[in-house]
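Please read the structure below before turning to the comments.
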2 protein chains.
Amino acid sequence: MAGIKDVAAEARVSVATVSRVLNDHPSVSAEARARVLAAVEALGYRPNAVARSLRTDQTHTLGLVISDVMNPYFTELARSVEEEARALGYSVIIGNADERPELQDHHVRNLLDRRIDGLLVSPTDGGSPLMLDAARSGTPMVFVDRWIPGVDVPVVRADGRGAIRDLMAHLHGLGHRRLAIIAGPAATTTGSERVEAFRAALAEYGIPLPEAYTGQGDFQAESGRRVTEGFLDLAEPPEVVFAADNLMALGALDAIRARGMRVPDDIALAAFDDIPWFVHTDPPITAIAQPTGELGRAAVRALVDRIEGRPPQSVTLPARLVVRHSCGEPPASSEPSPVTNRSHS
Amino acid sequence: MAGIKDVAAEARVSVATVSRVLNDHPSVSAEARARVLAAVEALGYRPNAVARSLRTDQTHTLGLVISDVMNPYFTELARSVEEEARALGYSVIIGNADERPELQDHHVRNLLDRRIDGLLVSPTDGGSPLMLDAARSGTPMVFVDRWIPGVDVPVVRADGRGAIRDLMAHLHGLGHRRLAIIAGPAATTTGSERVEAFRAALAEYGIPLPEAYTGQGDFQAESGRRVTEGFLDLAEPPEVVFAADNLMALGALDAIRARGMRVPDDIALAAFDDIPWFVHTDPPITAIAQPTGELGRAAVRALVDRIEGRPPQSVTLPARLVVRHSCGEPPASSEPSPVTNRSHS
DNA sequence: CTGAAAGCGCTTACAG
DNA sequence: CTGAAAGCGCTTACAG
């Protein structure tokens, strides 16, 4: 593979001059520039990004550590992050923690070793020593979706409280009084916040959230199945199950179906996070939709601001309720297909 | 951030010795090793992977360029690739081509510039000059899922012909005779092969595949919607629509639903690629399942073999038909939930 | 077993 | 405008 020396030789200039034209440095004569460009073309030369990074101490790379790539919410988040990063001249390396703290640490360490310019994290837990270290050390960092309290790092996330209150109104209007939730890990902010918001919304109607109706999941489908089975085994099962993410909703559906029960006739179901398939499930599922693409883009902008010395900004965007048929009464009007709205911007 | 020199100073040895203990070189005295390890610990030293890569000409990184991360099939492929790579001591950088050749080229170029040790590609098209160059140049490369004919690169993929023949038998048995397909881009192998296999399977029953029943999609949901609308507008619409991937099936479902028609009563639907949601759609969708995890792992093994100087092997694994309700008659027995089988190995 | 030194491929003050 | 030289943080023959 041709190196900068080969280009210099071919163009009959020094490597310094080659480097200058490659980096658009103004003080290069037109002739020298032309010869260098011709040589680059002739040799098919491509600068070695590794060498450049070592020298400049910049990798133009962002790290993104997400909790679970297989979760469509995070897949979409990752996609929008990559898009915005590319628009701003950065690449992104994704680390999938799979909701496992050790794996999360593995990726954080790996990314730090690679000297990424900044780190975007959606923490799987309350913060390992490594994560806290990284946050406190110099590496520019931004939390997205989930965050770690008590750490001075900007946070870009959605606020689901309003949507959960709307959901509660919807459920109450349908006559439901026994409501259960499949929660995410208490060590994650989204895990605990969604339960708290749900509990608060219930309280507005004077409805308690008993221990038995609070199932502990881990944001994975299997836990949704397990918790739902527990609910169904109760002497007085809930009338509604609210899953704190879409994968646990899938698990809940599996469990309900395995018992030969029907949604919403036998039990109602709602989910946090909306995905295209919720339109076509049997029945279509009522869900809380996050502005996922916006979150990803805002997170990248905050991180790049921080990297490039501008003051980064925390952002909170509202989530919204999308009513379908899984809790009872069908919605008034049919909704447009979500699929056709997919943007490629 | 502490560098190797700081460690050397702290441990009162040379940087050479520090490097040796870091790389498990045998000829280091026990005392020196202990002092170095203590210094590393004390300073929280982490080797700079960028510098190491420049020196050793190895990044221990694999590039994976996939056609579309938002497609659950590729998400799962990416996940299994990362898992196997990690097990073998490699990281992976994912580039999402979003089914766009220019974006694919962007990622290939970026990965090559970063001097990844090897490249895994599922090509979006028939092969850009850049891609062909990369394949012919020294970079170890393996195609996964889709491939480019005429290039000497190992291929790891699934063979769907048997499953498509099984699907055809199933459809024929249900009395369907007017069968249409939503194809992927003809420039991709999976785009053309699936049509050909479908046509061949139809031929065995003496059924032709007319032009009007061959819709040109691009593996994205929106194209599935568009093509399906065309089918439904026909004077004699097909009785069955076979979507060549799961996203186009989603689009087809959107289109059918928008007309107020029902599956399978008004029209039957089947898809290539199986996903967990197909169990819960209305109705559950008959699909062809690929051994996705196995493909990802086999692809990594082939690539690492190539990188480490062993002869790499092409692999072809069979896909299989999973009958559900979307083509008519329900299956004999209910299937176990696919969700609970998710492995974390 | 250990260290001094060269070198990986670049960029960038510095001097001209 | 241009080039010689230093240096980014490592690894690794080479000599001892």
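For the side-chain hydrogen bond (donor to acceptor under 3.5 Å, both in side chains) test with B:Tyr73, the passing option among B:Thr292, B:Asp68, B:Asp145 is B:Asp145; the others fail.
In this entry the distance linking CG of A:Asp57 with C1' of C:dG9 reads 16 Å, nearest Å. Rounded to an integer number of Å, the gap from CG of A:Leu54 to C1' of D:dG7 is 9 Å. Rounded to whole Å, atom C1' of C:dC8 lies 14 Å from atom CG of A:Asp6. Spacing between atom NE2 of B:His25 and atom C1' of C:dG3 amounts to 13 Å, rounded to whole angstrom units. Straight-line distance from the CE atom of A:Met1 to the C1' atom of C:dC8: 15 Å, rounded to whole Å.
Taking CG of A:Leu112 as the start and CG of B:Asn48 as the end, the distance is 11.0 Å to the nearest 0.5 Å. In this structure, the separation between OG on B:Ser27 and CZ on B:Arg20 is 5.5 Å, given to the nearest 0.5 Å.
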Taking Watson-Crick (N1-N3 plus N6-O4 or O6-N4) and G-U wobble (N1-O2, O6-N3), each under 3.5 Å, can you produce the dot-bracket string of DNA chain C? Use [ ] for crossing pairs and | for inter-strand ones.
|||.||||||||.|||
Intermediate values then yes/no, side chain to side chain donor-acceptor pair (under 3.5 Å), A:Arg114 and A:Ser53:
CA-CA 10 Å; A:Arg114 286 165 180 276; A:Ser53 290; over 6 Å; no
Please evaluate residues B:Tyr90 and B:Val304 with respect to the criterion side chain to side chain contact (heavy atoms under 4.5 Å, CB included), reporting the C-alpha separation (whole Å), side-chain torsions for both, the decisive distance (0.1 Å), and the verdict.
CA-CA 9 Å; B:Tyr90 289 80; B:Val304 170; 4.0 Å; yes
Side chain to side chain donor-acceptor pair (under 3.5 Å) evaluation trace for B:Arg146 with B:Ser67:
CA-CA 9 Å; B:Arg146 325 214 288 216; B:Ser67 326; 3.0 Å; yes
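Within residues 7-14 of chain B, no residue has a heavy atom under 4.0 Å from DNA chain D.
Residues B:Glu10 and B:Lys5 have side chains not in contact (no heavy-atom distance under 4.5 Å, counting atoms from C-beta outward). When side chains are defined from C-beta on, A:Arg301 does not count as touching A:Gln313, because their heavy atoms never get closer than 4.5 Å.
Salt bridge present: B:Glu294 and B:Arg297 bring a charged side-chain N and a carboxylate O closer than 4.0 Å.
Side-chain atoms of A:Ser122 do not come within 3.5 Å of backbone N or O of A:Ile66 as any donor-acceptor pair. Using modelled atom types, no side-chain atom of A:Asp125 and backbone atom of A:Pro101 make a donor-acceptor pair closer than 3.5 Å.
Note on B:Ser29: a side-chain N or O is less than 4.0 Å away from OP1 or OP2 of C:dT2.
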Which letter, B, S or -, goes with each nucleotide of nucleotides 10-15 of chain D from 5' to 3', with contact meaning a protein heavy atom under 4.0 Å?
BBBBB-
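Annotation: C:dG16 and C:dT12 have their C1' atoms spaced 16 Å apart (nearest Å).
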